[in-house]
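These notes are about the structure you will find just below.
We use all heavy atoms of the structure for the numbers below, so side chains are in, but hydrogens, waters and symmetry mates are not. Predicted model, so just to flag it, every value in this text is computed and none were measured.
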Amino acid sequence: MATEATTTKFQNSDFRPVPQPPDFHPGGDLSPHDGLHFWQFMIAGSIAGCVEHMAMFPVDTVKTRMQALGSCPIKSVGVGHALRSIVKSEGLAGFYRGIGAMGLGAGPAHAVYFSVYEVSKKYFSGGNPNNSAAHAVSGVFATVTSDAVLTPMDMVKQRLQLGNSAAYRGVLDCVKKVLKEEGFGAFYASYRTTVLMNAPFTAVHFATYEAAKRGLIEISPESADDERVIVHATAGAFAGASAAVITTPLDVVKTQLQCQGVCGCDRFKSSSISEVIKTIVQKDGYRGLMRGWIPRMLFHAPAAAICWSTYEAGKSFFQELNDSTESGTVT
């Protein structure tokens with residue numbers, strides 16, 4: 001009876017339960033907040049973005065060449081044709097033309113990308129780690145902010161990827177010439193299209209990734225910690241491939257806007273998406289809107305696998321660091 005009375009006593013509505021720290025499960029933690037500081041999300045995301053883009057840059061070059069219309073070096077939609085043309089005209093170095101611009105943009109952009117995603121996910125999830133809608137909305141917020149950082153360097157990168165060394169000698173030369181000849185607005189000519197493309201991309205990507213990761217962990221929860229790299233890589237690859245195929249038409253439009261007037265590519269009177277789509281359809285039919293979908297999928301599947309596994313590894317490192325720091329403080 002004494003025990004019952006004591007229990008009843010502490011069930012008084014005036015008492016509030018003390019919040020407990022989240023359990024740490026490396027690779028298998030599905031809580032909406034992982035107990036990391038904002039700057040730790042930024043560092044993990046920055047490293048993940050740099051590793052992803054540097055590793056997959058050659059595939060991205062092939063995709064950019066295939067999507068460019070007009071009299072640019074690559075007119076065929078065939079991957080083999082694109083590969084042979086790049087090797088023949090510039091050698092293996094041609095696959096890495098413009099990598100400096102991506103190196104300057106990928107780190108800061110992905111730092112913003114993942115930190116905004118984590119903060120938004122915590123806010124919108126309402127304490128439910130399985131809230132797919134929250135993951136999708138958080139992804140949209142992440143891409144709107146990160147694209148504002150990445151778009152200028154992405155434009156420079158794509159112009160350099162076209163392979164016309166006579167047009168631009170490098171990153172700095174490209175920036176100077178674009179500012180002088182086209183003005184600052186040219187760096188953001190594709191921003192609206194990029195956001196319209198990446199918003200559904202990241203919505204599908206993040207929601208699919210979180211769901212796939214959760215499903216893989218539930219299949220074999222006892223080995224989730226030991227196989228966390230495989231889980232993150234597999235979920236990331238599936239999410240990246242799915243989102244890439246769905247958003248290819250808008251990616252073609254983005255490439256057209258960023259490369260307009262370069263190497264004989266069409267120049268548009270405005271940044272109107274409908275105008276670009278109309279031009280593509282007139283010149284190449286509706287199949288032109290799917291130009292480069294194979295290398296795009298081949299890029300985003302392994303890129304997402306690399307990015308997510310690197311990012312989650314970074315988070316695990318900081319989680320262990322925080323845990324060891326707290327243990328040292330306690331002792």
Side-chain angles (χ1 to χ4, degrees), residues 42-68 72 74 82-83 86 90-114 142-143 145-165 167-179 186-191 193-195 197-198 201-202 205 236 240 243-244 247 251-252 254-259 262-263 292 295-308 310-311 314:
M42 294 187 73
I43 292 177
S46 179
I47 295 172
C50 288
V51 171
E52 169 199 354
H53 284 284
M54 298 303 105
M56 299 304 300
F57 197 83
V59 182
D60 184 58
T61 298
V62 174
K63 181 217 67 161
T64 298
R65 294 278 190 107
M66 290 174 66
Q67 289 179 340
C72 291
I74 303 302
L83 289 170
I86 294 173
E90 300 178 73
L92 295 178
F95 291 103
Y96 293 93
R97 185 170 170 79
I99 195 171
M102 182 50 65
L104 291 172
H110 279 73
V112 172
Y113 188 67
F114 282 106
T143 197
T145 51
S146 66
D147 283 342
V149 178
L150 183 61
T151 295
M153 282 296 103
D154 187 52
M155 183 275 286
V156 173
K157 180 262 302 181
Q158 289 201 312
R159 292 197 178 199
L160 293 173
Q161 282 177 321
L162 293 183
N164 187 353
S165 58
Y168 306 111
R169 294 190 301 272
V171 176
L172 184 59
D173 182 56
C174 181
V175 171
K176 288 180 177 178
K177 286 185 177 179
V178 171
L179 280 174
F187 290 101
Y188 283 93
S190 68
Y191 178 66
T193 303
T194 301
V195 170
M197 175 190 71
N198 284 341
F201 179 93
T202 50
H205 188 145
T247 58
D251 188 51
V252 175
K254 184 201 76 167
T255 299
Q256 291 295 297
L257 288 171
Q258 289 186 332
C259 297
V262 180
C263 196
R296 179 170 164 77
M297 186 179 68
L298 291 176
F299 172 88
H300 281 287
I306 293 170
C307 188
W308 278 112
T310 304
Y311 176 63

At what distance, to the nearest 0.5 angstrom, does [atom1] of [X] lie from [atom2] of [Y]?
X    : Y    : atom1 : atom2 : value
L298 : K63  : CG    : NZ    : 12.5 Å
Y113 : L150 : OH    : CG    : 11.0 Å
M197 : D251 : CE    : CG    : 4.5 Å
T64  : D154 : OG1   : CG    : 7.5 Å
R296 : T255 : CZ    : OG1   : 8.5 Å
R169 : L160 : CZ    : CG    : 11.5 Å

Of all heavy-atom pairs between [X] and [Y], which one has the smallest distance, and what is that distance?
X    : Y    : value
V62  : P295 : CG1-CB, 4.4 Å
A101 : V171 : N-CG2, 3.5 Å
S190 : T151 : OG-CG2, 3.9 Å
P108 : V149 : CB-CG1, 4.0 Å

Acceptor/donor pairs from residues 47-61 side chains to any protein atom, 3.5 angstrom cut, sequence neighbours excluded:
{"from": "E52", "atom 1": "OE1", "to": "H110", "atom 2": "NE2", "distance (Å)": "3.4"}
{"from": "D60", "atom 1": "OD2", "to": "K157", "atom 2": "NZ", "distance (Å)": "2.6"}
{"from": "D60", "atom 1": "OD2", "to": "Q161", "atom 2": "NE2", "distance (Å)": "3.0"}
{"from": "T61", "atom 1": "OG1", "to": "F57", "atom 2": "O", "distance (Å)": "3.2"}
{"from": "T61", "atom 1": "OG1", "to": "F95", "atom 2": "O", "distance (Å)": "2.8"}
{"from": "T61", "atom 1": "OG1", "to": "Q161", "atom 2": "NE2", "distance (Å)": "3.1"}

Looking at Y188 and A148, would you say the former's side chain and the latter's main chain have a donor-acceptor pair under 3.5 Å? yes
Tell me every residue that passes side chain to side chain contact (heavy atoms under 4.5 Å, CB included) with H205, counting only those two or more places apart in sequence or in another chain. F201, Y209, A239, A243, A304, W308
List for me each residue that meets side-chain hydrogen bond (donor to acceptor under 3.5 Å, both in side chains) alongside T143, sequence neighbours excluded, and say none if there are none. D147
V178 versus R159: any side-chain heavy-atom pair under 4.5 Å? yes
